[in-house]
Amino acid sequence: MRAILLRFGELYLKGDNRNIFESILISNVKDKLKDYDFKFEKTFGRYIISNYDISKEEELVEKIKTVFGLHSISLAQEVEATVDKIIDFVSSIKLKSQSFKIEVKRADKSFPIGSMDFAKKLGEIVLENNPEVKVDLYNPKTTISVDIRLNKKAYIFDEIIKCQGGLPLGSAGKGLLLLSGGIDSPVAGYLIAKRGLKIEALHFHSYPYTSDEAREKVVTLAQKLCDYVDEIKLHVISFTKVQEAIHVHCRSEYMITIMRRIMMRIAQKICEQNDLGAIITGESLGQVASQTMQSMTVIGGVVQNYPIFRPCIAMDKEDIIDVANQIGTYQTSILPYEDCCTVFLPKNPVIKPTIEKCEKEESFLNIDSLVNEALQTEEIVYLKN
Ligand code: ATP
Ligand code: MG
């Protein structure tokens with residue numbers, strides 16, 4: 001019978017919390033495959049999925065590959081863990097490559113033959129049936145693994161497919177992703193979700209300075225992220241009034257800094273209202289003027305009770321783009337619609353803002369009422385995988 005073998009990664013580091021992590025991971029796997037019939041089995045160190053429609057195997061694999069906390073999977077043949085049954089199956093193997101080795105692992109130590117001896121025996125059988133093929137223990141083209149588990153089943157496979165790694169979605173709580181239409185923030189959302197954080201998202205638009213298409217683009221990005229994070233509650237807020245007020249009352253080189261500080265204040269309110277525990281941005285050190293150390297200090301300075309996570313902080317743009325391509329957001333991100341931050345853009349944004357100067361510029365605004373007015377414009381879009 002065909003089976004999919006699932007291996008999990010870092011969970012073993014978690015000591016007493018391991019059971020909680022595992023139960024989240026198992027329910028995430030089952031949830032991801034909710035549209036399919038299959039049997040789920042847990043054996044020490046592995047999950048096994050079997051009894052599924054073989055014609056759907058590829059689809060199942062694609063879904064499983066988006067589950068955080070899984071390290072790798074293998075498509076395997078499941079046989080009863082007896083010497084004869086394993087030999088039966090191994091005798092039927094026809095190799096296409098020129099060299100191979102056999103690796104036997106026994107989680108079940110009561111299996112009557114030692115791993116090395118059994119591997120040797122099975123190797124001889126494969127050689128007999130594939131006389132043109134050589135054994136190569138050091139650099140084989142094909143490695144045939146025979147994994148004998150405690151459930152008295154053996155799994156025979158020749159490929160290990162890498163998965164996402166990370167920690168089970170939800171095991172770290174839930175945070176708020178500041179989602180622009182750019183390349184970086186969807187990547188930031190993906191990276192932080194991979195460490196176990198579920199996400200809601202917050203987008204600011206500046207309609208009518210920004211278009212409906214710009215907003216749709218962000219909805220599309222959030223929808224794509226749902227492949228990994230299952231569902232996103234997207235908060236959409238109008239930033240137009242705030243920007244107009246800053247434009248009229250504040251020095252232009254401080255415009256972006258003040259905008260960001262107000263975005264953060266609003267984000268904090270959304271966190272409070274929705275029981276979210278962190279703010280996530282796509283900032284990367286040195287990428288633009290608002291992403292210097294000093295800028296991040298004054299922008300983050302308005303946030304009191306939440307950590308600000310910046311998963312892209314130390315990444316080069318090229319590496320961020322690689323991830324964006326891998327998760328399928330890049331082509332949407334580069335669509336040429338205006339972001340709210342490009343409206344009234346100053347020529348020379350300050351690179352090293354100070355708290356004192358920010359506070360002076362903000363004294364020309366009624367921050368509380370701008371924040372509250374912006375919150376009144378909130379619209380919610382629910383997205384689901
Ligand atoms: P990105 O590619 O993510 O848009 P960027 O390189 O354009 O990033 P900035 O425009 O300086 O950088 O934005 C920095 C971060 O601030 C973004 O990664 C995002 O987290 C947040 N942000 C910017 N604009 C918006 C917006 N309109 N709505 C919500 N968050 C925003
Ligand atoms: Mg941007």
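In each ligand, atom 1 is the first atom listed, and ligand 1 is the first ligand listed.
Shown in contact with Gln287 at under 4.0 Å from a heavy atom are these atoms of ligand 1, numbered in order with element: 5 (P), 6 (O).
Taking only nitrogen or oxygen atoms, main chain and side chain alike, Ile280 does not reach within less than 3.5 Å of ligand 1. The distance criterion of under 3.5 Å between nitrogen or oxygen atoms is met by Leu178 with respect to ligand 1.
Note on ligand 1: His205 sits outside its first shell, no heavy atom being nearer than 4.0 Å.
Closest heavy-atom approach to atom 18 (O) of ligand 1 among the candidates Ser284, Gly181, Gly282: Gly282. Closest heavy-atom approach to atom 4 (O) of ligand 1 among the candidates Ala267, Ser180, Ser185: Ser180. Considering each of Lys317, Gln291, Arg310, Met259, the one bringing a non-hydrogen atom nearest atom 12 (O) of ligand 1 is Gln291. Between the choices Asp184, Leu221, Leu177, the shortest heavy-atom distance to atom 2 (O) of ligand 1 belongs to Asp184. Of the options His235, Glu283, Arg260, Met264, the smallest heavy-atom separation from atom 23 (C) of ligand 1 is shown by Arg260.
With sequence neighbours left out, the side-chain contact (heavy atoms from CB on, under 4.5 Å) criterion links Ile160 to Arg7, Ser72, Ser74, Phe157. In this structure Arg2 satisfies the side-chain contact (heavy atoms from CB on, under 4.5 Å) test together with Tyr52, Ile54, Glu57, Leu75, Gln77, sequence neighbours excluded.
Ring-plane geometry between Tyr228 and Tyr190 is classed as perpendicular, the angle between the planes exceeding 60 degrees on a 0 to 90 degree scale with a lower cut at 30.
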- Task: Evaluate side chain to side chain donor-acceptor pair (under 3.5 Å) for Asp108 paired with Ser110, printing each intermediate quantity in order.
- Result: CA-CA 5 Å; Asp108 181 3; Ser110 72; 2.7 Å; yes
Under the criterion side chain to side chain donor-acceptor pair (under 3.5 Å), I'd like the reasoning laid out for Glu78 against Tyr155: C-alpha separation, chi angles, the key distance, then a yes or no. CA-CA 5 Å; Glu78 180 185 282; Tyr155 297 87; 2.8 Å; yes
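With hydrogens and angles ignored, the 3.5 Å screen pairs no side-chain donor or acceptor of Lys101 with any backbone N or O of Ile144.
Hydrophobic clustering places Leu179 together with Val187 (ILVMFWY residues linked when any side-chain heavy atoms are closer than 4.5 Å, directly or through intermediates).
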